[in-house]
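Contents: one structure, followed by commentary.
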Amino acid sequence: MRLPDKTSDIEDAIAGIKDCDTVMIGGFGVPGTPMTLIHALVDHGARNLTLIKNDANEPGMGIDHLLQNGQVARLITTHLGLNSHAIGLMNSGAIKVEFNAQGILAERIRAGGAGLGAVLSDIGIGTELAAGKQVVEMNGTPYLVEPALRADVALIHADRADVFGNLAYVGTAQNFNPLMAMAARRVIVEAEAVLPLGGINANDVHTPGVFVDHVVELKTLSKEYAVVQR
């Protein structure tokens, strides 16, 4: 069986994102954040987006460009502390923000990728994080019901991809990227290098290509999208 070549122009890859879509964006601060795909989404212009990302990056970086462009209606995250602009938007009511403990956010995404409906956790019991959430009791212990998270699209940064979409990450870029690649209906990857099929040793594959729909090679992009991965 001949495996498909999933390499794509960045505009074609982003084109299917629609207004009101839920978009997962990988990264932990800068490492693993798909900066170039974010810029392409800004140019594309889809609005009223729900973003799921560990953090809001810093002013003038990463998803802050989407926030500044008024494309975000809701942000599901763990903290905004490095982005005063995001904090201002939240305080003014311009965007809705749902906070999660960091491990809970990761577990909700993992559950979505595994086909689970929710996870149970005692983290946040008796705090503001429990407000409005269902509580169940097991063996005399109360647990919060944390619904699984899935998305219409995931934007991922990888160090290497092959043409089928097998991915390898480097260092702390192995944070939310592998989880999100399993939890979205469509997965778009920016990769520093795209190799022929078999160019990544099977033992080095962190995300199998069956989860990936589009692969964009960063070094082939025009200056318009040549964003430095800082």
Side-chain angles (χ1 to χ4, degrees), residues 1-17 21-44 46 51-54 57 61-63 65-66 106 109-110 112-114 149-230:
M1 182 180 72
R2 185 179 181 85
L3 296 176
D5 184 332
K6 299 177 182 177
T7 55
S8 173
D9 293 336
I10 193 167
E11 294 86 357
D12 292 339
I14 292 292
I17 299 178
D21 271 357
T22 296
V23 182
M24 289 181 174
I25 300 180
F28 189 105
V30 172
T33 296
M35 303 290 191
T36 306
L37 291 177
I38 291 169
H39 278 264
L41 182 53
V42 170
D43 289 347
H44 173 55
L51 299 188
I52 301 173
K53 192 179 188 300
N54 175 66
N57 294 121
M61 179 183 291
I63 69 166
H65 295 289
L66 293 165
I109 296 168
R110 187 203 64 80
L149 289 172
R150 287 192 58 80
D152 300 294
V153 181
L155 305 183
I156 303 297
H157 176 83
D159 180 66
R160 288 161 289 147
D162 64 24
V163 294
F164 179 61
N166 293 309
L167 307 179
Y169 311 102
V170 168
T172 54
Q174 298 178 61
N175 41 59
F176 285 87
N177 283 302
L179 300 176
M180 290 179 171
M182 296 177 63
R185 287 190 294 177
R186 192 156 64 93
V187 175
I188 304 170
V189 176
E190 62 173 52
E192 298 290 342
V194 176
L195 306 173
L197 190 62
I200 302 176
N201 184 288
N203 291 325
D204 295 330
V205 171
H206 299 123
T207 294
V210 292
F211 294 109
V212 173
D213 298 283
H214 302 278
V215 176
V216 176
E217 186 172 18
L218 292 178
K219 69 181 181 181
T220 66
L221 298 178
S222 64
K223 273 190 175 181
E224 180 184 5
Y225 288 118
V227 178
V228 175
Q229 299 293 323
R230 295 177 295 172

For the residue pair [X] and [Y], what are the closest heavy atoms and their distance?
X	Y	result
Ala183	Gly112	CB-C, 4.3 Å
Gly27	Thr33	CA-OG1, 3.5 Å
Glu192	Glu217	O-CG, 4.3 Å
Ala173	Pro178	O-CD, 4.4 Å
Ala13	Val216	CB-CG2, 4.1 Å
Gly113	Arg150	CA-NH1, 4.1 Å

Would a 4.5 Å heavy-atom cut-off, applied to side chains only, mark [X] and [Y] as touching?
X	Y	value
Arg186	Ile17	yes
Leu218	His157	yes
Asn175	Asn54	no
Ile25	Leu66	yes
Arg110	Met182	no
Val163	Val215	no

**Message:** Which residue in the set Ile156, Leu37, Leu155 passes side-chain contact (heavy atoms from CB on, under 4.5 Å) when paired with Glu190?
**Reply:** Leu37
Separation between [atom1] of [X] and [atom2] of [Y], rounded to the nearest 0.5 Å:
X	Y	atom1	atom2	result
Leu179	Met24	CG	CE	9.0 Å
Ile14	Asp9	CD1	CG	12.0 Å
Leu41	Leu51	CG	CG	8.0 Å
Leu167	Gln174	CG	CD	11.5 Å

**Item:** Parallel, tilted or perpendicular: ring planes of Phe176 versus Phe28, cut at 30 and 60 degrees
**Value:** parallel
Can you tell me if [X] uses its side chain to pair, donor with acceptor, with the backbone of [Y] under 3.5 Å?
X	Y	result
Asp213	Ile188	no
Asp5	Thr7	yes
Lys53	Ile63	no

**Message:** Can you list everything that forms a salt bridge (charged side-chain N to carboxylate O under 4.0 Å, His left out) with Asp159? Sequence neighbours excluded, please.
**Reply:** none
Identify each donor-acceptor pair in which a side-chain atom of residues 193-208 lies under 3.5 Å from a protein atom, sequence neighbours left out, and give them as a table.
from, atom 1, to, atom 2, distance (Å)
Asn201, OD1, Asn203, N, 2.8
His206, ND1, Tyr169, N, 2.9
Thr207, OG1, Tyr169, OH, 2.7

**Asked** Partners of Thr22 by side chain to side chain contact (heavy atoms under 4.5 Å, CB included), sequence neighbours excluded?
**Response** Thr50, Ile52, Ala151, Asp152
